Amino acid sequence: MSKTVVIMEAPDSITSINQISDEHQYFLGAFGEVIGMLKQVFPQGDFSDPTSIAVHMEQGNIKIDINKHTPVQNFIITSDGELPLGEIMKLCKKTGWRALDTDSGLFLDKVQAKETQRSKSWWRFWEK
């Protein structure tokens, strides 16, 4: 089963895609800048075609699809297996970008925050 996330720029206060208006005018940066950031986070990637980047990782393979336009509005990361969430969140933290889970319509940082809150119940005081 393939998993897809969209990397985009969005305010921190937004938790889901439904809160973004049609006039959303946020950009990630120039094409070359975005590719440069991807090379820093995924140095093992095959950048021979910078619009379709293949990255081989221990968790599995991912593909990054990006349109060659400046400014770049967003790009897509897909995986046939588990997504490397650690690397994706590292990219987002480093750049200020956000990762949108296409299955739920929620931004990953908000999904992870909810899961962390849910797993730490006061009944399970040893996890706090």
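For the numbers below, each heavy atom of this structure counts, side chains included, while hydrogens, waters and symmetry mates do not. Since the model is a prediction, treat every value here as computed from it, not as a measurement.
- Of the inter-residue distances, the one linking L106 atom CG with L100 atom CG reads 8.0 Å to the nearest 0.5 angstrom.
- With rounding to the nearest 0.5 Å, the separation of CG in L83 from CE in M89 is 12.0 Å.
- Separation of atoms CH2 (W97) and CG (D109) is listed at 15.0 Å; rounding is to 0.5 Å.
- The distance from atom CD1 of I62 to atom CD1 of I76, rounded to the nearest 0.5 Å, is 13.0 Å.
- For T4, there are no side-chain hydrogen bond (donor to acceptor under 3.5 Å, both in side chains) partners, not counting sequence neighbours.
- Using a 4.0 Å cut-off between a side-chain N of Lys or Arg and a carboxylate O of Asp or Glu, K3 and D101 qualify as a salt bridge.
- Distance NZ/K68 to CD1/I66: 10.5 Å, rounded to 0.5 Å.
- The shortest non-hydrogen separation linking F75 to L91 is CZ-CD2, 4.0 Å.
- A 4.5 Å side-chain heavy-atom check between V55 and I64 finds at least one atom pair inside the cut-off.
- For the side chain to side chain contact (heavy atoms under 4.5 Å, CB included) with V5, the lone residue among I77, T102, L85 that qualifies is I77.
- Using a 4.5 Å heavy-atom cutoff, the side chains of Q44 and M57 are in contact.
- The two residues N61 and H56 come nearest to each other via the heavy atoms OD1-ND1, 2.9 Å.
- Tested against R98, the residues D12, I7, V6, N74 include a single side chain to side chain contact (heavy atoms under 4.5 Å, CB included) partner, D12.
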With a 3.5 Å cut-off and sequence neighbours excluded, list the donor-acceptor pairs that the side chains of residues 32-43 form with protein atoms.
{"from": "E33", "atom 1": "OE1", "to": "A30", "atom 2": "N", "distance (Å)": "3.0"}
{"from": "Q40", "atom 1": "OE1", "to": "K94", "atom 2": "NZ", "distance (Å)": "2.8"}

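- Summarising the geometry of E9 relative to G96, their closest heavy-atom pair is OE1-O, 3.6 Å, with the distance given to 0.1 Å.
- Interatomic distance, SG of C92 versus CD of E87, reported as 12.0 Å (0.5 Å rounding).
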